Amino acid sequence: MSAAPPPLTRSDSARGDFSPLKHFVVAKKKISDVFEQLLNYVKETSEFVEETCENKALEKIASQDQKLEIQAYADKLAVIKEVLARRHMKVAFFGRTSNGKSTVVNAMLRDRVLPSGIGHTTNCFLSVEGTDEDKAYLKTEGSEEEKSIKTVNQLAHALHMDESLDAGCLVRVFWPKTKCALLRDDLVLVDSPGTDVTSQLDSWIDKFCLDADVFVLVANSESTLMNTEKHFFHKVNERLSKPNIFILNNRWDASANEPEYMEDVRKQHTDRCVNFLVEELKVVDRDQAPNRIFFVSAKEVLNSRMQRAQGMPETGGALAEGFQERLKEFQCFERRFEECISQSAVKTKFEQHTIRAKQITEKVKSIMDDINIEAAEKRVAALEDREYQIDRLEFVKNQLNLLIDDIKKKIKAISEDVESKVSSAMGEEICRLHVIVDEFHTDFHPSPHVLKIYKSELLAHVEEGMGKNLAFRCSNAVNVSVQSSQKYMLVKHNITNCDSLIPLHSPESMLPLLPSGVQNQIHMLVPTKKFDLSYDLNCATICSDFQENIEFQFSLGWSALVHRFLGSVNAQRALSLVDQKFKASQPVLPLACTPSSGPPSTAAPPNHETALMTQEDLMVAMATNVASLTSRTSMSVIIVGGVVWRTVGWRLIALSTSLYGLLYLYERLTWTTKAKERTLKRQFVDYATEKLQLIVSFTSANCSHQVQQEMATTFARLCQQVDQTQKELEAEIRQLTAKIDQLETVQSRSKSLRHKATDLERQLEEFTNQYLQSQQ
């Protein structure tokens, strides 16, 4: 509970003692301070809501409606703050002409501020308020010009000389606060023309009475209340709810001349005034009504106070009997008036603004609660989302590592399988090389130029034929294997749960690891066209040193017989013994030369230690050695020949010699161009078979490398997309972290602003308890 307000004890405010009017001044300062804080608070809140509303990352935390609502509150509070700064207590004096309204005002101000005297002196509304300046001045309605006035006579002269002033105009008189203590407490006194000088009472009320806190009816105690006075206050009572009305029966000093009738007249006036306030206007209870009716002599009080201000006795001069009682009555009026106007002004001037401030504070606090709740929900959702994304990033990293190992093994297995298939297929094709060679048909002639073209085309035919056969044997299987492996990279059946991304087994497929936008465009990452192996046998290079031997070779010649019976290796060694004379003079022949006689099974393999010679060179060497042997062992030959002759007979020898000669003649006659071509093809098949066997491992390894390269390229593209997924997840995690930090800031600020609203509510409640509830 707030502290109770100070008691409204009455002291003489002119002496600087406590005045009940200070109650309004203190209340005004306190409520102004609260509104200053409230305005700053709402502005701070408006900036906060605007920042939150404009932050794209914090969408739907604060709405445009909330932003506009708080800005409207700020504008409203700014207006109220300005109104509060201009708020003051206002008392309006009404009565018939020459009833002493201006004199009453002067008596309260303790100085002759307003012109007063006999007759119609106040021709317009005059408000008197304090100014901090040292000089007095006035402002007329519709003008901000400050017209200086030094004396009351100057003021009266200025009012009468201004023809534009009528009864409905307001002249504001600013009097230095240093000269009048009553004006220091935000009190404005309004003097009016007589209620009997105009019929425009409604416009008066609308213009000058609606914001008045107290009305003082200055009546003439020498007469009764007039209908014009009653009529005016009836209209006031219609516009305002129970206005505070005081009735001063002025010129009560005249009763001193007839003291025997004083009490009767006083009672008569009192009864009529009570009936007017209670029965007619119904603004007070009958018990309170007498406290609103006073019998005074404003002129006596004014003179007395002015004498006192000049250092003279208050009772000096010609004063009627009973002055002290009338002075006390006036002082009692002042006390009751100050108590009433301070209490009434605080209520009328501040109560509605206080209620409005509470409503605004409650609304703003509610908006802060809504923002705080929304930010808290968004923050929890963002934390869960970030945790999910962190788990997903960890899953992607672990899954990728598992897949890399698994795919590497898969690529290695497929590469080895391709190498095995190509090696096997190439071995089979080498065994079938004679078929490919036999399928080659073109013009043949033993001339060197034609032979060169023939061999070139033969090599191209072999290259193309073996390439097609290898492709037929291997490419489809390899292509199926590659495509199957590429699909294996993306989808591994029966182990992947793409919706939850929770590994059922390890490793999974790469499909759920890819960016969502790429998962629908797999065809751009995995080749859809058929994968073709390139079998680059390069026959032209490996067979470039092939040298054919298409000279006639008799099948029962010495060299052929030696090869047939001794074998190729032993025949080479045996023939080399008879070739000693030619080794120094004849150049070494190419290693690639293949024997042209005998069946393929007896063809001599290449001997890297001894160079081979042609059949003609071998026959010449044998003949030379035989001649040498004959010359040395002629006797032995004759003896042996005689033995053979006598053993088999000459007929058998002649027959054998004839058959031998016929066979030689037959082979010689059948040694045609076709035979030479067949011999060349047979020699090429033997030579190419040997050379191709050397590159089987190289070719199969090359095909295996092609497959490995194709699959590694596809996997690398997929890994790049997985890296992109990781980058996207990391970026999203950073965004979520920043969003969470922002949401935490929003929560913190909204809580802080809510606490400020609670503190302002407490201050408003304290103000209500201290200044408003006690008055109810």
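Computed from a predicted model, the values in this text were never measured in an experiment.
In this structure, the side chains of Glu732 and Asp385 come closer than 4.5 Å at one or more pairs of heavy atoms. Taking 4.5 Å as the limit, some side-chain heavy atom of Leu187 sits within range of a side-chain heavy atom of Leu189.
No donor-acceptor contact under 3.5 angstrom links the side chains of Arg172 and Thr140, judged on distance only. Side chains of Thr224 and Arg272: a donor on one and an acceptor on the other come within 3.5 Å. When only modelled atom types and interatomic distance are considered, Gln37 and Asp759 share no side-chain donor-acceptor pair under 3.5 Å. Remark: the Ser344 side chain and the Asn244 side chain contain an N/O donor-acceptor pair separated by less than 3.5 Å. Between Lys756 and Thr45, the side chains place no donor N or O within less than 3.5 Å of an acceptor N or O (distance only, hydrogens not considered). When only modelled atom types and interatomic distance are considered, Gln770 and Lys30 share a side-chain donor-acceptor pair under 3.5 Å.
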Could you walk me through whether Asp75 and Gln71 pass the side-chain hydrogen bond (donor to acceptor under 3.5 Å, both in side chains) test, one step at a time?
-> CA-CA 6 Å; Asp75 296 338; Gln71 287 177 349; over 6 Å; no

Please assess Ile245 against Phe233 for the test side-chain contact (heavy atoms from CB on, under 4.5 Å), listing each intermediate value before the final yes or no.
-> CA-CA 9 Å; Ile245 300 175; Phe233 279 96; 3.7 Å; yes

Glu145 vs Lys139, salt bridge (charged side-chain N to carboxylate O under 4.0 Å, His left out): CA-CA, chis, key distance, verdict = CA-CA 6 Å; Glu145 181 185 357; Lys139 290 182 179 180; over 6 Å; no

Check against side-chain contact (heavy atoms from CB on, under 4.5 Å), Lys67 and Ser46 = CA-CA 6 Å; Lys67 170 186 170 183; Ser46 178; 5.8 Å; no

How far apart are the C-alpha atoms of Asp111 and Asn106, what are their side-chain angles, what is the distance that settles it, and do they pass the side-chain contact (heavy atoms from CB on, under 4.5 Å) test?
-> CA-CA 5 Å; Asp111 198 357; Asn106 288 337; over 6 Å; no

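Contact record, Val236 with Pro243: CG1-CG, 4.2 Å, taken as the closest heavy-atom pair. Nearest heavy-atom pair across Val171 and Cys124 is CG2-SG, 3.8 Å. Listed here is the closest heavy atom pair of Arg251 and Ser221: O-OG, 3.0 Å. What you find for Ser342 and Leu21 is that their closest heavy atoms are CB-CA, 4.2 Å. Between Arg326 and Glu300, the closest heavy-atom pair is NE-OE1, 2.7 Å. Contact detail for Met89 and Ala345: the closest heavy-atom pair is CG-CB, 3.3 Å.
From Phe276, atom CZ reaches atom CG of Asp271 across 15.0 Å, with rounding to the nearest 0.5 Å. Separating the CG atom in Leu764 from the CD1 atom in Ile31 is a distance of 5.5 Å, to the nearest 0.5 Å. Put simply, SG on Cys53 and CD1 on Ile70 are 10.5 Å apart, with the number rounded to the nearest 0.5 Å.
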Could you tabulate the donor-acceptor pairs under 3.5 Å formed by side-chain atoms of residues 370-381, not counting sequence neighbours?
residue : atom : partner : partner atom : Å
Asn372  : OD1  : Ser750  : OG           : 3.3
Arg379  : NE   : Glu744  : OE2          : 3.2
Arg379  : NH2  : Glu744  : OE2          : 3.1

Show me the donor-acceptor pairs within less than 3.5 Å that the side chains of residues 733-742 make with the rest of the protein, sequence neighbours left out.
residue : atom : partner : partner atom : Å
Thr737  : OG1  : Arg386  : NH1          : 3.3
Thr737  : OG1  : Ile733  : O            : 2.8

Could you list the donor-acceptor pairs under 3.5 angstrom formed by side chains in residues 78-87, with sequence neighbours left out?
residue : atom : partner : partner atom : Å
Lys81   : NZ   : Glu36   : OE1          : 3.0

What pairs of donor and acceptor atoms, side-chain ones from residues 277-291 against any protein atom, are under 3.5 angstrom apart with sequence neighbours left out?
residue : atom : partner : partner atom : Å
Glu279  : OE2  : Arg286  : NH2          : 2.4
Glu280  : OE1  : His234  : NE2          : 3.2
Asn291  : OD1  : Arg336  : NH1          : 3.2

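Relative to the ring axis of Trp175, Lys179 places its NZ or CZ within 45° and under 6.0 Å from the centre.
Environment of NZ in Lys299: sparse, with no more than 12 heavy atoms of neighbouring residues, nucleotides or ligands closer than 6.0 Å. Atom NZ of Lys363 is surrounded by 12 or fewer heavy atoms from other residues, nucleotides or ligands within 6.0 Å. Heavy atoms of other residues, nucleotides or ligands lying less than 6.0 angstrom from NZ of Lys230 number more than 12. Summarising the local packing, NZ of Lys207 is surrounded by more than 12 heavy atoms from other residues, nucleotides or ligands at distances under 6.0 Å.
For Phe295, the ring-ring contact (aromatic ring centres under 6.0 Å, His included) criterion is met by Trp252, not counting sequence neighbours.
We find that Glu761 and Lys365 are joined by a salt bridge, their nearest charged nitrogen and carboxylate oxygen being less than 4.0 Å apart. The pair Glu334-Arg305 meets the salt-bridge criterion, since a charged nitrogen lies less than 4.0 angstrom from a carboxylate oxygen. We find that Lys349 and Asp213 are joined by a salt bridge, their nearest charged nitrogen and carboxylate oxygen being less than 4.0 Å apart. A salt bridge links Glu766 with Arg762; the closest basic N to acidic carboxylate O contact falls under 4.0 Å.
When ring centroids are compared, Phe232 and Phe94 come within the 6.0 Å threshold.
Judged by distance alone, the side chain of Glu146 and the main-chain N or O of Tyr137 form no donor-acceptor pair under 3.5 Å.
Applying the ring pair (Phe, Tyr, Trp, His ring centres under 6.0 Å) test to residues at least two apart or on different chains, none of the pairs has a partner in residues 40-74.
Each of Phe24, Phe35, Tyr771 was checked for a ring pair (Phe, Tyr, Trp, His ring centres under 6.0 Å) with Phe350, and the lone residue meeting it is Phe24.
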